[in-house]
There are 2 protein chains.
Amino acid sequence: MPLSASFPDLTALDLYASVVELGSLGRAAKMHGIAQPSASSRIRNLERQLGVKLLDRSARGSTPTPEGIVVSGWTDAILRAAHDLEAGLEALKAEQSGRLRIAASYTIAEYLLPTWLGRFAREHPRDTVALDVENSTHVLSELERGEADLGFIETPLKTPSMKEQIVGHDQLVAVVPPEHPWATRTSIDMTELAETPLVMREKGSGTREALEQALTDAGHGAPVSVLELGSTSAVRSAVLSGNSPTVISRLAVASELADGQLVEVEVENLKIERDLRAVWPAKKPLPKLAVALLADLS
Amino acid sequence: MPLSASFPDLTALDLYASVVELGSLGRAAKMHGIAQPSASSRIRNLERQLGVKLLDRSARGSTPTPEGIVVSGWTDAILRAAHDLEAGLEALKAEQSGRLRIAASYTIAEYLLPTWLGRFAREHPRDTVALDVENSTHVLSELERGEADLGFIETPLKTPSMKEQIVGHDQLVAVVPPEHPWATRTSIDMTELAETPLVMREKGSGTREALEQALTDAGHGAPVSVLELGSTSAVRSAVLSGNSPTVISRLAVASELADGQLVEVEVENLKIERDLRAVWPAKKPLPKLAVALLADLS
DNA sequence: GCATGCCATAGACTATAGCTATGACCTCAA
DNA sequence: TTGAGGTCATAGCTATAGTCTATGGCATGC
């Protein structure tokens, strides 16, 4: 389902957010480095596209209408996500020239690092960070080969030659869409989970390994897949638009659980908790920037 | 802090998401109603703007590179927020012609209704919904005057002439940025909260009333404000970039709490829980569409 | 009454994104 | 091996939409 053709430009939303914050079109225009009439026309255009009057204009400035306040909440959410993309991307791009080289697993890179790096970048505007996204095993080998300074992993792999610091926690949870029969059950048992076909990541992914481990440890067979997908967000989309359960990182579905698009199903005796860990080679001293980043997180 | 000037267009991100989903530029182009070369050029442009190679193109289609997969996760987050805006907006715009007229308070309208209405719109594509955003008291009077069919409120107001259904729960929590001294405390007591200047909504808002009520009920004075702002998202931004605490709806800061941009502070003996309720006039029969919407939520 | 903000309008310019038509390449099957 | 049916890329044209500068109107406040 593509976005409506007349969906406004992100730069227009960004400009509108600045107008709300600064209280005037002209000031917002200056902050964005454009002329005042351009800002006026962009906002007018935005109102036309949205079909809503956003601002009360007066000789003393512009303040949002009641509708404008509500819209402002929605646009803020979009802009936050956009800034996450920017922060993550800047780290990805710094690859070649970067001073602090980070290697992280997918879940951490997608859901946590953009925020952490965004804050870090504001506090250290002159420094660059390079981000390499790999699976957890590969993160460790990059660290050993000296190709990265600091790693973030989410699996309970043994790391004898590494120092580590716990930077958060994650949990695998079983989720279904609200229409699924499980959504109204108080809990299901592990046998039922093991016998029900699930949407899953491909074999070898950390999430899937953890689930298989937990099930076989409890004497059950390996889980059955109804569909295998190559990324966590693909799994989430599939569950949202289909009617099969999955077992997935709670971080990846936090907002869907909050607004009821997905429902968490308790599985008896199944607790898959994972520490999110920062790791680095024990033999090398930790670079100063890495120390600063870790201090931010503790 | 405005967005980077070269930030890609949302339509390009949307197109990219479709390419990842469908596995081919041409199919994605068709889905978006543009010609294949246009899609090719837009994606090429997107890669140039982001500075990252997103797709491996081959004669059998296009699949995302490892970096592309990560970027896809970030763009999905942006697009989800954009769809929320679309859903909420469509309801706002339907005002004049709408069949089902909804009146909701700010928090529910901003954080929950877009998702609910998005799902509802997919299931009832021929029907329209109008959304009016007011404070809770005004929602009730709109219902009584027959200007709305269904209301959503978050305050414990008495509603003798209304029927109601609980559709969720919210909780007011005290939050601070991670640098604030409270962030490392296990808990603070209510006296300390009452004496510390807070960032707050303006007098008369539901959130502020609830906090004042809870404090005076416990024998404390009214809370002191260091800054008063007109919307919940303005309060959130102020706390994120300043160094003062606030007491705010957990829904409004769910993602900031999840990724550590804000820290929840436990306040001893302070529990401000609020039922989120759908309400409608007892004397009139509930319109069929309203029944359908409520069924979705239960 | 005049200066100083604010926002809106007008007209010229430019850049960009879209289209159609075509070409190059790969894969699969006859 | 050759042709059919996919894939994506390139070229050249056009139209649109966004930008700027210059100006004007309108409140507010000294």
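Here is how names work: the chains are called A, B, and so on, in the same order as the sequence lines, proteins then strands, and each is numbered from 1. All values reported here derive from a predicted model rather than from experimental measurement.
- At a threshold of 4.5 Å between non-hydrogen side-chain atoms, the residues B/Glu110 and B/Thr232 do not count as touching.
- Screening residues 100-126 of chain B for ring pair (Phe, Tyr, Trp, His ring centres under 6.0 Å) gives B/Trp116-B/Phe152, B/Phe120-B/His124 as the qualifying pairs, with residues at least two apart or on separate chains.
- Put simply, chain A comes within 4.0 Å of DNA chain D, heavy atom to any atom, from D/dG18 to D/dT28, going 5' to 3'.
- Panel note: side chain B/Ser241, backbone B/Ser237; a donor-acceptor pair is recorded below 3.5 Å.
- Between the CG atom of A/Leu22 and the P atom of C/dG5 there is a distance of 16 Å, given to the nearest Å.
- With no hydrogens or angles considered, a side-chain donor-acceptor pair links A/Ser225 and A/Glu228 at under 3.5 Å.
- Remark: the A/Thr115 side chain and the B/Gln261 side chain contain no N/O donor-acceptor pair separated by less than 3.5 Å.
- In this structure, B/Asn45 does not reach the C/dT16 phosphate: none of its side-chain N or O atoms is under 4.0 Å from OP1 or OP2.
- Residues A/Arg48 and B/Ala59 both approach DNA chain D. Their nearest nucleotides, taken by heavy-atom distance, put B/Ala59 toward the 5′ side.
- Mapping B/Gln49 and B/Pro37 onto DNA chain C by nearest heavy atom places B/Gln49 closer to the 5' end of the strand.
- Put simply, CG on B/Leu46 is 16 Å from P on C/dT16, counting in whole angstrom units.
- The CG-P distance, from B/Leu15 to C/dA17, rounds to 13 Å in whole Å.
- When A/Thr11, A/Leu85, A/Asp9 are each tested for a side chain to side chain contact (heavy atoms under 4.5 Å, CB included) with B/Phe7, only one passes: A/Leu85.
- Residue-to-nucleotide proximity on DNA chain D shows that, of B/Gln36 and A/Ser38, the 5′-proximal contact is made by B/Gln36.
- When the side-chain nitrogen and oxygen atoms of B/Arg60 are compared with OP1 and OP2 of C/dC26, none of them lie within a distance under 4.0 Å.
- Among the protein residues, B/Ser41 comes within range of no part of the nucleic acid, since none of its heavy atoms lies under 4.0 Å from any strand.
- Look at A/Glu47 and A/Arg57 and you find a salt bridge, because one of the NZ, NE, NH1 or NH2 atoms lies within 4.0 Å of a carboxylate O, short of that distance.
- Counting to the nearest Å, the P atom of C/dG5 and the CZ atom of A/Arg27 are 11 Å from each other.
- With distances taken from any side-chain atom of A/Arg57 to the nucleotides C/dT20, C/dG5, C/dC7, the minimum falls on C/dC7.
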